[in-house]
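Note that ligands are numbered from 1 as they come in the structure, with each ligand's atoms numbered from 1 the same way. Atoms considered below: every heavy atom in the structure, side chains included; atoms not considered: hydrogens, waters and symmetry mates.
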Amino acid sequence: MAIASRLQKTLLWGAVVLLFVSPAFAAGAPPANPEHGRQIYAECAGCHAMTENGMGPLHCGLVGRRAGSVPGFAYSEVMRESRIVWTPEKLGEFLKSPLSYLPGTNMGYDGLYDARDRADLIAFLQLATTDVSACGTSAPQ
Ligand code: HEC
């Protein structure tokens with residue numbers, strides 16, 4: 001009887017510990033760091049700017065936007081007709097390897113291979129959607 005109740009107690013505590021520890025495991029890596037993402041954005045800034053179209057379309061307000069929808073930018077046909085909506089997940093897949101994700105895209109960029117860098121960059125792009133002041137000094141178009 002004593003053994004059984006000790007076992008029960010152990011199981012109970014095991015369950016309690018699991019309950020508290022598993023969300024931390026589920027979350028996996030530490031939260032993404034948008035400030036680091038802003039630095040990573042230097043990789044994109046040769047072609048993109050936050051508030052103006054350049055070689056690539058402007059990025060302010062990107063997250064949640066339909067692909068190929070920035071006015072005045074001459075997209076490739078595949079981008080314009082992709083029907084992608086730029087969720088963080090889709091951005092992650094695209095940025096990992098733009099050409100394999102969307103063959104025929106004009107974005108001449110190999111990819112951002114490091115998952116951590118991608119997560120941080122996307123966190124920055126998300127910030128530049130929810131808080132347009134993160135886009136820079138001029139207003140988004
Ligand atoms: C060599 C130039 C170049 C670099 C570097 C570059 N891009 Fe692009 N990007 C483009 C071009 C050009 C397009 C338009 C592609 C098309 O129409 O197929 C584009 C399109 C995009 C789009 C689709 C936007 C929309 O409005 O649908 C996203 C998102 C994007 N780029 C993100 C990035 C990010 C983030 C980086 C940095 C990690 C980056 N790009 C680096 C040239 C570049």
Side-chain angles (χ1 to χ4, degrees), residues 2-141:
I3 290 176
S5 90
R6 198 176 299 160
L7 186 66
Q8 265 178 353
K9 257 191 195 157
T10 310
L11 283 177
L12 189 67
W13 277 112
V16 169
V17 167
L18 259 182
L19 207 67
F20 281 97
V21 170
S22 54
F25 273 115
N33 176 351
E35 266 319 303
H36 182 233
R38 188 192 296 275
Q39 291 160 25
I40 303 285
Y41 191 73
E43 289 224 17
C44 324
C47 299
H48 289 276
M50 294 311 285
T51 58
E52 282 165 22
N53 290 333
M55 282 260 279
L58 64 85
H59 275 157
C60 193
L62 174 71
V63 179
R65 189 157 77 199
R66 206 166 49 75
S69 66
V70 171
F73 185 82
Y75 289 96
S76 65
E77 202 178 327
V78 287
M79 183 67 82
R80 238 184 12 251
E81 292 180 1
S82 66
R83 308 177 78 91
I84 294 168
V85 172
W86 292 124
T87 58
E89 293 72 29
K90 290 273 159 56
L91 281 170
E93 290 166 31
F94 174 64
L95 293 175
K96 192 172 172 185
S97 175
L99 273 163
S100 28
Y101 186 70
L102 198 66
T105 176
N106 289 340
M107 176 152 142
Y109 175 74
D110 263 6
L112 190 59
Y113 304 124
D114 187 285
R116 190 82 224 139
D117 286 351
R118 280 199 308 275
D120 290 350
L121 176 62
I122 292 165
F124 166 63
L125 291 169
Q126 255 178 313
L127 189 64
T129 297
T130 53
D131 174 7
V132 290
S133 67
C135 290
T137 46
S138 53
Q141 294 165 357

Rounded to the nearest 0.5 Å, how far does CG of Asp120 lie from CD of Gln39? 9.5 Å
Subset of ligand 1 atoms that lie under 4.0 Å from at least one heavy atom of Leu91: 29 (C)
Counting distance only, does the side-chain N/O of His59 pair as donor-acceptor with the main-chain N or O of Thr51 below 3.5 Å? no
Near atom 8 (Fe) of ligand 1, which protein N/O/S atoms fall under 2.8 Å? His48 NE2, Met107 SD
Which ligand 1 atoms does Phe94 reach within 4.0 Å, using its non-hydrogen atoms? 22 (C), 28 (C), 30 (C)
Looking at Glu43, which atoms of ligand 1 are within less than 4.0 Å of one of its heavy atoms? 5 (C)
Heavy-atom donor-acceptor pair, Arg118 side chain to Leu91 backbone, under 3.5 Å: no
Heteroatom proximity flag, Ser69 to ligand 1, N/O under 3.5 Å: no
Can you tell me how far CZ of Phe73 sits from CE of Met55, rounded to the nearest 0.5 angstrom? 8.5 Å
Quick note on ligand 1: atoms under 4.0 Å from a heavy atom of Leu62 include exactly 29 (C)
Heavy-atom contact under 4.0 Å between Tyr41 and ligand 1? no
List every atom of ligand 1 that sits less than 4.0 Å from any heavy atom of Leu121, numbering the atoms from 1 in the order shown and giving each element. 35 (C), 38 (C)
Can you name the atoms of ligand 1, numbered from 1 with element, that are less than 4.0 Å from a heavy atom of Leu95? 32 (C), 33 (C), 34 (C), 35 (C)
Show your reasoning for whether salt bridge (charged side-chain N to carboxylate O under 4.0 Å, His left out) applies to Arg38 and Glu35. CA-CA 5 Å; Arg38 188 192 296 275; Glu35 266 319 303; 3.5 Å; yes
Check each atom of ligand 1 against the heavy atoms of Ala67 and keep those under 4.0 Å away; list them by number with element. 27 (O)
Should Thr105 be counted as touching ligand 1, given the test is an N or O pair under 3.5 Å? yes
Proximity flag His59 to ligand 1, non-hydrogen atoms under 4.0 Å: yes
Donor-acceptor contacts, no H, no angles, side chain residues 99-107, under 3.5 Å, sequence neighbours left out:
| unit_1 | atom_1 | unit_2 | atom_2 | d |
| --- | --- | --- | --- | --- |
| Ser100 | OG | Ser97 | O | 3.4 |
| Ser100 | OG | Ser97 | OG | 2.3 |
| Thr105 | OG1 | Met107 | N | 3.1 |

Quick check against the 3.5 Å criterion: does Asn53 have a side-chain atom that pairs as donor or acceptor with the backbone of Leu58? yes
At less than 4.0 angstrom from any non-hydrogen atom of Gly68, what atoms of ligand 1 do you find? 25 (C), 26 (O), 27 (O)
